[in-house]
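Step one of this worksheet: look at the structure below.
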Amino acid sequence: MRMNKYVYVMLVFAVAFTAMQLLTWSTAEAGKYPRIRADAGNDFKVFENQEVKLDGSDSKGGFKKFVDYDWELVRVNGAKVQNNQPIAIDNDDKPEASFKAPEVAAGEVTYEFKLKVKDEVDREDDDIVTVHVMNQQPTVPVGPT
């Protein structure tokens with residue numbers, strides 16, 4: 001019995017596809033490691049000139065073996081910033097980082113920090129935490145004396 005050329009092509013395709021599936025099944029990184037998740041913590045408020053702690057220690061991933069943590073300031077009052085200006089972040093490559101809240105002229109200023117985590121198989125995830133820095137001046141109107 002002579003095989004139709006289309007049947008032959010489909011048979012070769014099916015064998016190749018099955019072989020690729022079996023090979024990738026045993027080596028697929030997604031199946032070996034749980035999904036990673038960056039967790040920069042909940043948004044919060046602080047007063048100016050306070051030491052502020054950023055906590056990404058609840059981030060989860062491939063057996064908690066993160067090789068890189070990276071904290072960076074990405075926005076001030078909604079406007080993008082570069083190079084963490086105007087804030088210097090201490091321990092920006094650790095799960096817990098900190099900075100000194102800058103002085104605020106009046107009201108409050110909103111700072112958005114991004115935590116990016118990377119695991120041992122180069123998978124990445126990021127999360128944003130918003131820090132509202134408030135002025136310490138009393139908002140009570142000053143009356144006549």
Side-chain angles (χ1 to χ4, degrees), residues 6-145:
Y6 296 108
V7 173
Y8 179 76
V9 169
M10 292 301 289
L11 183 62
V12 169
F13 177 78
V15 168
F17 180 77
T18 304
M20 285 184 352
Q21 290 297 317
L22 290 173
L23 288 173
T24 58
W25 203 13
S26 63
T27 60
E29 296 301 329
K32 284 184 173 179
Y33 300 98
R35 183 180 179 284
I36 71 168
R37 184 178 55 86
D39 186 350
N42 295 327
D43 299 349
F44 58 96
K45 293 184 178 189
V46 297
F47 285 112
E48 61 188 354
N49 296 317
Q50 282 186 323
E51 185 71 18
V52 179
K53 299 202 183 292
L54 302 172
D55 187 358
S57 61
D58 284 338
S59 298
K60 302 202 182 325
F63 312 108
K64 281 203 164 220
K65 292 183 181 177
F66 290 116
V67 292
D68 285 325
Y69 286 86
D70 184 27
W71 286 98
E72 70 174 316
L73 175 64
V74 291
R75 294 183 193 277
V76 176
N77 284 338
K80 288 184 180 181
V81 297
Q82 294 180 342
N83 300 325
N84 292 326
Q85 296 300 322
I87 293 178
I89 303 172
D90 297 324
N91 296 318
D92 63 346
D93 61 343
K94 306 282 187 224
E96 296 177 5
S98 62
F99 67 95
K100 183 178 179 186
E103 291 187 11
V104 175
E108 74 177 39
V109 177
T110 302
Y111 296 92
E112 293 179 32
F113 293 89
K114 179 173 25 174
L115 169 63
K116 185 186 294 184
V117 293
K118 183 176 175 186
D119 69 5
E120 66 274 4
V121 290
D122 290 335
R123 295 178 305 158
E124 294 181 356
D125 192 34
D126 59 63
D127 189 29
I128 300 283
V129 62
T130 303
V131 179
H132 304 275
V133 178
M134 300 178 299
N135 186 296
Q136 288 187 4
Q137 299 299 321
T139 57
V140 178
V142 177
T145 55

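Quick note: residue numbers are just sequence positions, from 1.
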>> How close do Phe99 and Ala88 get, counting heavy atoms only, and between which atoms?
In response: CB-O, 3.5 Å
>> Please find the pair of heavy atoms, one from Asn49 and one from Glu103, that lie closest to each other, and give the distance.
In response: OD1-CG, 3.4 Å
>> Assess the residue pair Thr130 and Thr110 against the criterion (side-chain contact (heavy atoms from CB on, under 4.5 Å)); give the C-alpha distance rounded to whole Å, side-chain angles, the decisive distance to 0.1 Å, and a yes or no.
In response: CA-CA 7 Å; Thr130 303; Thr110 302; 3.2 Å; yes
> How close do Glu51 and Asp90 get, heavy atom to heavy atom, and via which atoms?
Replying inline: OE2-OD2, 4.5 Å
>> Does atom CG (Asn77) have a neighbourhood of more than 12 heavy atoms from anything else shown, all under 6.0 Å?
In response: yes
> Is a side-chain N or O of Asn135 found less than 3.5 angstrom from the main chain of Ala105, in a donor-acceptor match?
Replying inline: yes
> If you measure from CD on Gln50 to NZ on Lys45, what distance do you get to the nearest 0.5 Å?
Replying inline: 13.5 Å
> Side-chain contact, heavy-atom cut-off 4.5 Å: Val131 with Leu54?
Replying inline: yes
>> Using 0.5 Å steps for rounding, measure from the NE2 atom of His132 to the CZ atom of Phe44.
In response: 9.5 Å
>> With heavy-atom distances below 4.5 Å as the criterion, would you say the side chains of Pro86 and Leu73 are in contact?
In response: yes
> What's the spacing between Asp119 CG and Lys60 NZ if we round to 0.5 Å?
Replying inline: 14.5 Å
> Do you know the tightest heavy-atom contact between Val129 and Gly41?
Replying inline: CG2-O, 3.9 Å
> Can you tell me how far the CD1 atom of Ile87 sits from the NZ atom of Lys100, to the nearest 0.5 Å?
Replying inline: 12.0 Å
>> Asp125 vs Asp127, test: side-chain contact (heavy atoms from CB on, under 4.5 Å). Steps then yes/no.
In response: CA-CA 7 Å; Asp125 192 34; Asp127 189 29; 5.9 Å; no
> Under 3.5 Å, side chain of Trp71 to main-chain N/O of Lys94, donor-acceptor pair present?
Replying inline: yes
> Which heavy atom of Asp126 sits nearest a heavy atom of Lys116, and at what distance?
Replying inline: CB-CA, 4.0 Å
> For the atom pair CG (Asp92) and OH (Tyr69), what is the distance rounded to the nearest 0.5 Å?
Replying inline: 13.5 Å
> Where do Val133 and Pro102 come nearest, in terms of heavy atoms and distance?
Replying inline: CG1-O, 3.6 Å
>> When you compare the side chain of Ile89 with that of Phe113, does any pair of heavy atoms fall below 4.5 Å?
In response: yes
>> Rounded at 0.5 Å granularity, tell me how far CD in Glu48 sits from CD in Glu108.
In response: 12.0 Å
> Step by step, would you call Arg35 with Arg37 a side-chain contact (heavy atoms from CB on, under 4.5 Å)?
Replying inline: CA-CA 7 Å; Arg35 183 180 179 284; Arg37 184 178 55 86; 4.1 Å; yes
